[in-house]
Every structure is written in structure tokens, then in C-alpha cells.
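First the structure, in the form of C-alpha cells, and then the observations on it.
A quick note: this is a predicted structure, and the numbers were derived from the prediction, not measured.
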Amino acid sequence: MRSDIIKKGMQRAPHRSLLRACGVTEEDMEKPFIGVANSFTNIVPGHIHLNELAEAVKLGISQAGGVPFEFSTMAICDGIAMNHEGMRYSLASREIVADTVESMAQAHQLDALVLIPTCDKIVPGMLMAAARLDIPSIVVTGGPMLPGKYNGETVDLINVYEAVGAVKAGKMTEDELLELEKCACPGAGSCAGLFTANTMACLTEAMGMSLPGCATSHAVSAEKRQIAHSSGRQIIELLERNITPSKIMSQKAFKNAVIVDLALGGSTNTTLHLPAIAYELEDKGVKVNLDLFQDYSIKIPHIASISPAGKHSMLDLDQAGGIPAVLKVLENELHDDAVTCTAQSLKDNIKSARVLDSTVIRPLDNPVHREGGLAILKGTLAPDGAVVKQGAIDSEMLIHEGPAQVFESEEECVKAINQGIIQEGDVVVIRYEGPKGGPGMREMLNPTAAISGMGIKSVALITDGRFSGGTRGPCIGHVSPEAAANGPIATVKNGDIIKIDIHKRRLDFEVSPVEIEERIKNAVIPERNIKGWLSRYRKLVTSADKGAILR
């Protein structure tokens with residue numbers, strides 16, 4: 001066992017003395033030491049219940065013959081960090097989560113890990129650490145929040161964001177907004193739609209890194225605690241059989257994750273996170289890039305319309321059979337011989353799975369859309385790629401042409417929207433919000449929600465930043481190269497005609513290559529007074545099409 005390094009032999013007497021101070025017994029010294037990475041905090045709804053799950057995990061570990069050692073990681077709530085300086089830290093925090101788990105596991109030579117994340121960057125951060133360490137690991141995602149109810153309708157956080165725009169447009173009163181605010185987020189869990197947190201939980205299960213049913217079992221359910229307990233027990237089997245993350249997160253597993261992502265119409269942020277996790281395994285021959293998403297996007301139909309793309313919630317998806325049922329529908333498209341954390345193949349895991357509601361999880365011959373929920377666009381405006389959630393766009397906006405309205409930051413754009421400057425037919429361009437330019441590649445939920453809430457229909461948004469997993473409509477993000485790296489988006493001027501053709505996977509603007517080169521020479525990068533570790537992040541981070549990883 002790895003942990004023998006800190007507990008065996010005469011020279012380790014000082015180490016054992018410190019372990020005894022933590023309550024470790026003589027008998028425990030012979031058992032495997034299992035790390036429990038818990039991202040509990042009481043300021044993030046998705047994480048306020050994780051101490052309960054950690055207790056269930058630790059009980060399972062102890063019962064199976066291991067010694068659990070719990071430690072903490074950070075967790076940022078994207079919703080609370082939205083539309084201010086705090087959002088610069090969100091994507092960047094993914095690296096801190098990964099580094100924290102790596103540091104704790106290596107410093108204390110832990111034999112295996114149970115990872116307990118919930119929200120947007122914490123799930124991929126922990127998976128990056130698991131891949132990097134390659135010691136037996138299993139993930140217990142914290143589960144979705146129950147949806148709220150407002151005037152008899154199912155609601156979630158995105159309804160609140162959009163309602164702010166509705167109030168400004170005179171379509172809703174402030175008293176009605178307050179009533180919605182109070183009921184949209186009823187308790188613990190990641191926000192109730194298929195936003196980034198829940199998408200990543202679904203893909204974690206699809207890759208085989210969490211037990212069947214884990215992704216959609218809700219935060220407040222008894223099932224979630226049972227899965228946590230079972231995961232604690234299961235990590236000992238994975239350790240005994242030396243089933244490590246590299247054996248589970250194979251190229252086949254990542255392909256399965258991309259297929260499920262496209263079938264569900266998940267968050268565009270997965271095109272950042274899956275490549276970043278795969279990067280930790282590139283020495284094992286694993287590679288995930290935008291081309292992989294593009295290849296499957298044309299082949300895999302969109303079979304579930306979960307909020308924000310549709311009316312169904314994560315609760316509906318869970319009650320329809322969850323990810324096992326989705327996998328069953330997609331079985332012939334998947335690499336079902338992939339190994340999973342059950343120590344069995346994906347095929348074995350879904351033998352008894354079935355769809356319990358075909359209006360939520362639709363058959364392949366009657367999909368929501370014939371193509372996958374995400375599309376990768378390239379063209380003169382995005383030579384290295386951009387991403388859009390095509391499954392959440394009205395059909396009449398899949399092809400759009402209009403004049404650019406250019407803004408150098410999210411704040412400038414939101415101000416213009418509130419002042420009524422944005423008109424039907426415009427193409428809003430928000431730049432210098434990429435990984436380096438932001439820095440931190442902020443999410444643009446406020447402008448998208450404001451436009452939606454105000455009822456403006458035929459406006460497209462384009463950015464080198466990101467859009468929230470809760471975004472719907474013609475919102476194209478991750479434009480690469482970004483403006484701060486002299487990408488063409490830095491050269492767009494007000495009034496330039498931008499052409500979007502999602503059918504053809506194109507994003508272009510009517511400016512000649514010679515003119516683009518001339519404009520790049522004259523482009524001025526806005527000065528931003530960036531202090532602290534974000535200044536280091538800015539120097540090391542790569543572009544969005546590479547997963548915004550650090551090199």
C-alpha cells in the first residue's frame with residue numbers, strides 16, 4: 001500500500017506518533033488509508049449538505065476495512081459570483097481544486113480517494129486530480145436541487161435571472177420577482193436544470209467514475225446517502241483490484257461522455273472540462289478536443305429537453321430512469337465494454353435499465369432534435385472554434401445575419417441592454433473576456449438572461465468568454481483565438497456584418513483577411529488591474545479550444 005511509506009518501519013515512528021494523535025489505532029495501521037475530499041461550504045447551496053454525505057462515505061469505508069481521512073477543498077457558487085469581479089475566479093478555481101486534492105493525497109500518501117463535489121468547477125477539478133494521481137478513486141456528486149414552484153409552474157435559478165429582465169421590460173412587477181426569488185431555489189443541491197454542475201455529474205456517471213444513479217439522485221434524497229455509503233465501501237474493492245482512474249477514464253469512456261453530453265444537450269462548459277480532464281491522461285493515449293464533439297454532434301440525436309432547453313427538470317430526468325436509462329437508449333452508439341467504478345463494464349451496469357417516461361428520455365427514432373445538443377462552429381471569426389448549445393435555440397435563429405454591437409466587457413454590454421440600445425437583429429459581441437483577457441473567462445448569464453427576460457427574440461450573442469450552463473438561445477461562446485491573443489474577434493467593429501450558420505457550423509464576418517490583419521495591428525487590449533494569483537493564471541492559461549488548461 002502507498003500509505004506504508006508513512007506508517008511502516010522504525011524510521012516512521014515520528015509519522016505514526018502524529019497519526020496516533022489523530023486517533024489512529026494499532027489495528028488501523030494495517031488498513032488502507034482512504035482520503036475523502038469534501039468540498040463542503042455553507043455559502044454554496046450545492047455543497048451545504050456534503051458533510052452528511054461525507055459521514056455516509058466514511059461509514060462505508062470503515063465497514064469495508066479502510067481508514068477514512070477527510071479533508072476540504074474550495075467551492076465557488078457560479079450563481080453568486082455572476083456578473084461581477086468574482087466570476088473571474090470561477091473557472092480558475094478548477095485548477096486550485098485539482099491542486100488541493102493532489103497535494104493532500106501526495107503529501108499523506110493516501111491509498112485511494114472518494115471525491116465529493118457538486119458544483120460547476122469542483123467536479124472537473126476533482127476528476128483532473130484523480131486522473132493526475134491515478135490512484136483508485138470514486139466520485140459522489142452531491143446531487144441536484146429540487147425545482148421550485150411558482151404559480152403552479154416548475155422554476156429554477158434561471159427563471160429568476162430572466163425575471164430581472166422581465167421587470168425592466170415592464171412584464172413583471174418587483175413584488176412578483178420577490179415572490180419568485182423566494183421559491184426558485186428551495187434547498188440543498190446544484191440548481192435544478194441541466195446546467196454545468198448537473199451536466200458534469202451526468203458525464204461523470206457516463207464515464208464510469210460514479211455509481212449508477214448517482215448523477216440524478218437528488219441532494220435531499222435517501223438514495224443519495226445510500227449511494228454515498230455504497231461508494232465508501234466500493235473504493236476498497238477498487239483498491240484491492242487496482243482499478244485506477246486511467247483504467248476507467250479511457251478514450252472509450254470519454255467518447256461515451258461526449259455522446260451522452262450531446263444526447264442530453266448539456267452545458268457548453270463541458271467543451272472546457274472534458275479536454276482538461278483528458279489532458280491529465282494524455283500519456284495514456286487519451287485525447288479530447290473540439291473535433292471529437294463535432295464528429296459526434298452530427299451523429300448523435302438530442303433525446304432529452306431539460307431546462308434551460310425545455311420544461312423538464314433534473315427531477316423529471318431522475319424519475320424517467322436517470323443516466324442508466326439514457327445509456328440504455330444510446331447503447332448501440334456507446335463503447336459499452338468500458339470499465340466502470342462498479343468493477344464491471346458499462347454494459348453490465350445497464351442490463352436492467354429502462355426508460356420510465358419516454359416523454360422525458362425520448363427514443364432515437366423520435367428525438368427532440370436530429371443532431372446533438374451542442375455544435376462547434378468555425379470560420380473567419382473563430383478559426384480555432386467556438387461552441388453553441390444548438391439544442392436550446394429556436395429554429396428560426398439557427399441561421400442569422402446582422403450588424404455587430406461590440407463591447408469590451410460584460411458590464412458594458414449589460415448597461416447597453418438595460419438602456420435599450422440593443423435592437424432586434426443585432427449581433428452582440430463581448431470580447432476580452434477569454435481565459436487570458438478576462439482573465440478567468442467569465443460566464444455571461446446576466447446579458448443572456450436580460451435579453452431573454454425582456455422578450456428580445458432575434459439577437460445573437462458572441463463572446464470569447466463563456467456562457468452559463470443555464471443559457472439558452474443563440475449564444476456562441478469560447479471564440480478562439482480570444483481577443484487578448486489577437487484573435488479575429490479583437491478586430492470586429494460596430495456595424496460589421498456577422499453571419500451565423502449553425503447548420504453549416506460556420507461563424508464568419510464580412511471583413512477581408514487583409515483588413516483583419518491590419519485591424520489586429522491596431523487593436524488595443526484594455527488594461528485591467530489584476531492582482532493576486534489571477535495575474536499568474538493569466539500568464540499560464542491556454543485558449544478555450546484547448547480546455548483553458550494551465551501550461
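- Between the side chains of Thr268 and Lys389, no donor-acceptor pair of N or O atoms lies under 3.5 Å.
- How far CG of Asp111 is from CG of Leu238: 13.0 Å, rounded to the nearest 0.5 Å.
- Judged purely by atom type and a 3.5 angstrom limit, Arg362 has no side-chain atom pairing as donor or acceptor with the backbone of Ile303.
- Figure legend: Lys255 and Tyr296 shown without cation-pi pairing, the cationic atom not lying both under 6.0 angstrom from the six-membered ring centre and within 45 degrees of its axis.
- In terms of heavy-atom proximity, Lys531 sits nearest to Tyr89 at O-OH, 4.5 Å.
- We find the CG-CZ distance between Leu239 and Phe33 to be 12.5 Å, quoted to the nearest 0.5 Å.
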- Chi angles and distances behind the side-chain contact (heavy atoms from CB on, under 4.5 Å) call for Leu356, Gln319: CA-CA 7 Å; Leu356 303 177; Gln319 292 174 344; over 6 Å; no
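- Note that the OG1 atom of Thr270 and the CG atom of Asp261 stand 3.5 Å from one another [nearest 0.5 Å].
- Using a 4.5 Å heavy-atom threshold, the side chains of Met87 and Arg466 count as touching.
- There is no side-chain donor-acceptor pair under 3.5 Å between Thr199 and Ser267.
- Judged purely by atom type and a 3.5 angstrom limit, His312 has no side-chain atom pairing as donor or acceptor with the backbone of Gly310.
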- Message: Please evaluate residues His47 and Ser39 with respect to the criterion side-chain hydrogen bond (donor to acceptor under 3.5 Å, both in side chains), reporting the C-alpha separation (whole Å), side-chain torsions for both, the decisive distance (0.1 Å), and the verdict.
- Response: CA-CA 7 Å; His47 296 244; Ser39 53; 3.0 Å; yes
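- The pair Glu237-Arg241 meets the salt-bridge criterion, since a charged nitrogen lies less than 4.0 angstrom from a carboxylate oxygen.
- Nearest heavy atom pair, residue Asn269 against residue Phe467, reads ND2-O, 3.5 Å.
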- CA sep, side-chain torsions, deciding dist, call: Gln294, Ser297, side-chain contact (heavy atoms from CB on, under 4.5 Å): CA-CA 5 Å; Gln294 184 70 298; Ser297 174; 4.1 Å; yes
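- The environment of Lys8 atom NZ is dense: over 12 non-hydrogen atoms of other residues, nucleotides or ligands sit within 6.0 angstrom.
- Taking CD of Glu30 as the reference point, atom OG of Ser3 lies at 9.5 Å (rounded to 0.5 Å).
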- Message: Determine whether Glu26 and Arg16 satisfy the following criterion, salt bridge (Lys or Arg N to Asp or Glu O under 4.0 Å), listing intermediate values before the conclusion.
- Response: CA-CA 9 Å; Glu26 197 70 40; Arg16 289 193 297 273; over 6 Å; no
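- Side chains of Val97 and Met126 form a contact here, defined as non-hydrogen atoms less than 4.5 Å apart.
- A donor-acceptor pair is defined here as one N or O able to donate and one able to accept, closer than 3.5 Å; such a pair exists between the side chain of Ser103 and the backbone of Asp99.
- Between Ser307 and Asp156, the side chains place a donor N or O and an acceptor N or O closer than 3.5 Å (distance only, hydrogens not considered).
- Donor-acceptor pairing under 3.5 Å is recorded for the side chains of Tyr279 and Arg551.
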- Stepwise, does the side-chain hydrogen bond (donor to acceptor under 3.5 Å, both in side chains) test hold for Lys121 with Ser93? CA-CA 7 Å; Lys121 311 310 170 297; Ser93 74; over 6 Å; no
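- When all heavy atoms of Asp120 and His273 are compared, the pair lying nearest together is O-NE2, 3.9 Å.
- Checked by atom type and distance alone, the side chain of Asn256 never pairs as donor or acceptor with a backbone atom of Ala253 at under 3.5 Å.
- Under the 4.5 Å side-chain criterion, counting only non-hydrogen atoms from C-beta, Asp348 is in contact with Ser345.
- Between the side chains of Ser480 and Asp384, not a single donor N or O lies within less than 3.5 Å of an accepting N or O.
- Heavy atoms from other residues, nucleotides or ligands lying under 6.0 Å from CZ of Arg20 number more than 12.
- Here the side chains of Val258 and Leu274 are in contact, with some heavy-atom distance below 4.5 Å.
- Leu346 places none of its side-chain heavy atoms less than 4.5 Å from the side chain of His335.
- Here the shortest heavy-atom pairing between Pro32 and Met1 reads CA-SD, 3.4 Å.
- Summarising the geometry, atom CD belonging to Gln106 is positioned 10.0 Å from atom CZ belonging to Arg132; distances are rounded to the nearest 0.5 Å.
- Asn446 and Glu410 make their closest contact through CB-OE2, 3.8 Å (heavy atoms, listed as atom of the first residue, atom of the second, distance).
- Contact of the Met441 side chain with the His478 side chain is registered, since non-hydrogen atoms from C-beta on lie closer than 4.5 Å.
- With Thr25 contributing its side chain and Asp28 its backbone, the two residues share a donor-acceptor pair below 3.5 Å.
- Taking a cutoff of 4.0 Å between a charged side-chain nitrogen and a carboxylate oxygen, Asp337 and Lys347 do not qualify as a salt bridge.
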- Item | Pair Leu281-Lys284, side-chain contact (heavy atoms from CB on, under 4.5 Å): steps then yes or no | CA-CA 5 Å; Leu281 294 162; Lys284 306 290 185 182; 4.2 Å; yes
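- For the atom pair CD of Gln63 and NZ of Lys58, the computed distance is 13.5 Å after rounding to the nearest 0.5 Å.
- Under the 4.5 Å side-chain criterion, counting only non-hydrogen atoms from C-beta, Glu52 is in contact with Arg225.
- Of the possible polar contacts, none joining the Glu70 side chain to the Gly35 backbone as a donor-acceptor pair under 3.5 Å is found.
- Side chain of Asp464 to backbone of Glu433: a donor-acceptor contact under 3.5 angstrom is found.
- Put simply, the side chain of Lys31 never gets that close to the backbone of Gly66: no donor and acceptor are under 3.5 Å apart.
- Across every non-hydrogen atom of Leu272 and Arg94, the tightest pair is O-NH1, 3.5 Å.
- Counting only heavy atoms from C-beta outward, the side chains of Leu157 and Asn159 never approach each other to under 4.5 Å.
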- Message: Checking Thr141 against Thr118 for the side-chain contact (heavy atoms from CB on, under 4.5 Å) test, could you report, in this order, the C-alpha distance in whole Å, the side-chain angles of both residues, the deciding distance, and whether it holds?
- Response: CA-CA 5 Å; Thr141 49; Thr118 300; 5.8 Å; no
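- The residues Glu482 and Lys436 are annotated as not salt-bridged, no charged nitrogen and carboxylate oxygen being separated by less than 4.0 angstrom.
- Judged purely by atom type and a 3.5 angstrom limit, Ser137 uses its side chain to pair as donor or acceptor with the backbone of Ile135.
- Contact check on Glu95 versus Arg536 returns no salt bridge, with no Lys/Arg side-chain nitrogen under 4.0 Å from an Asp/Glu carboxylate oxygen.
- Results of the side-chain contact (heavy atoms from CB on, under 4.5 Å) test with Met74 over Thr100, Ile122, Ile96 single out Ile96 as the only residue that passes.
- Of the candidates Cys185, Cys77, Cys191, Ser190, Cys77 is the only one forming a side-chain contact (heavy atoms from CB on, under 4.5 Å) with Pro45.
- At distances below 3.5 Å, at least one donor-acceptor pair connects side-chain atoms of Lys224 with backbone N or O atoms of Cys214.
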